[in-house]
Chemist: 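Structure in structure tokens, see below.
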Amino acid sequence: MIVWSQGADPAVASALAVKTLGEPVTPIFDAEHFYNAGDKGCAFGPMDEIAALIRKMVSGQTLEINASDSSVAFDLAAWCRMTSNTLVEQRDGRYLVRKG
């Protein structure tokens with residue numbers, strides 16, 4: 001899992017810091033934070049990890065998510081609707097979410 005923060009409050013950035021395994025993935029959106037779910041499907045917990053990250057963010061901040069498993073697209077869109085967050089953009093397994 002990769003989590004990355006740019007220009008965030010240092011307390012928030014350190015709360016979002018997570019050790020990284022595997023190859024680095026380059027963000028494509030201009031988001032404050034980045035999360036790499038890799039090929040983990042929803043049964044393996046990326047939605048729980050995404051929710052935990054979003055809770056630590058400030059309203060209006062954005063999170064880019066990289067997830068190659070197609071189940072994330074459906075679950076993330078539904079989760080955003082239920083939690084008043086916004087799925088701003090979706091492109092080739094990349095998702096940009098704005099915290100509501």
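All values reported here derive from a predicted model rather than from experimental measurement.
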Chemist: Quick one: closest heavy-atom pair of Y35 and A37, and the distance?
Modeler: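 In terms of heavy atoms, the two residues are closest at CE2-CB, 3.5 Å.
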Chemist: What distance separates S71 OG from L76 CG, expressed to the nearest 0.5 Å?
Modeler: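 So the OG of S71 and the CG of L76 are separated by 10.5 Å.
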Chemist: Output yes when a side-chain donor or acceptor of E64 lies under 3.5 Å from a complementary backbone atom of F29, and no otherwise.
Modeler: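 Present.
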Chemist: Donor-acceptor pair, N85 side chain versus G100 backbone, under 3.5 Å?
Modeler: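 Pair found, side chain donor or acceptor close to backbone of G100.
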Chemist: Search all heavy atoms of R94 against all heavy atoms of N66 and return the closest pair with its distance.
Modeler: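 Reported closest heavy-atom pair: NE-OD1, 2.9 Å.
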Chemist: Is there a donor-acceptor contact under 3.5 Å from the side chain of E32 to the main chain of T62?
Modeler: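 Checking the backbone N and O of T62 against the side chain of E32, a donor-acceptor pair under 3.5 Å is found.
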Chemist: Do you know which two heavy atoms are closest between C80 and L87, and how far apart they sit?
Modeler: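 Residues C80 and L87, closest heavy atoms: SG-N, 4.0 Å.
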Chemist: Looking only at the side chains, is there a donor atom on one of Q61 and H33 sitting less than 3.5 Å from an acceptor on the other?
Modeler: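 Checked: Q61/H33 side chains pair up, N/O donor to acceptor below 3.5 Å.
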Chemist: Looking only at atom types and distance, does a side-chain atom of K99 sit under 3.5 Å from a main-chain N or O of V58, one as donor and one as acceptor?
Modeler: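 The answer is no, because no donor-acceptor pair under 3.5 Å joins these two groups.
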Chemist: If you apply the rule side chain to side chain contact (heavy atoms under 4.5 Å, CB included), what do you find for W79 with I54, and how did you get there?
Modeler: CA-CA 12 Å; W79 178 82; I54 292 278; 3.8 Å; yes
Chemist: Do you know which of I65, T83, T86 makes side-chain contact (heavy atoms from CB on, under 4.5 Å) with V97?
Modeler: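 Answer to the side-chain contact (heavy atoms from CB on, under 4.5 Å) test with V97 among I65, T83, T86: I65.
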Chemist: Is any side-chain heavy atom of L63 closer than 4.5 Å to a side-chain heavy atom of F34?
Modeler: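 No, their side chains stay 4.5 Å or more apart.
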Chemist: Could I get the full list of salt bridge (charged side-chain N to carboxylate O under 4.0 Å, His left out) partners for R98, not counting sequence neighbours?
Modeler: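 Not a single residue meets the salt bridge (charged side-chain N to carboxylate O under 4.0 Å, His left out) criterion with R98.
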Chemist: What heavy-atom pair brings I28 and R91 nearest, and what distance separates the two atoms?
Modeler: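 In terms of heavy atoms, the two residues are closest at CD1-NH1, 3.9 Å.
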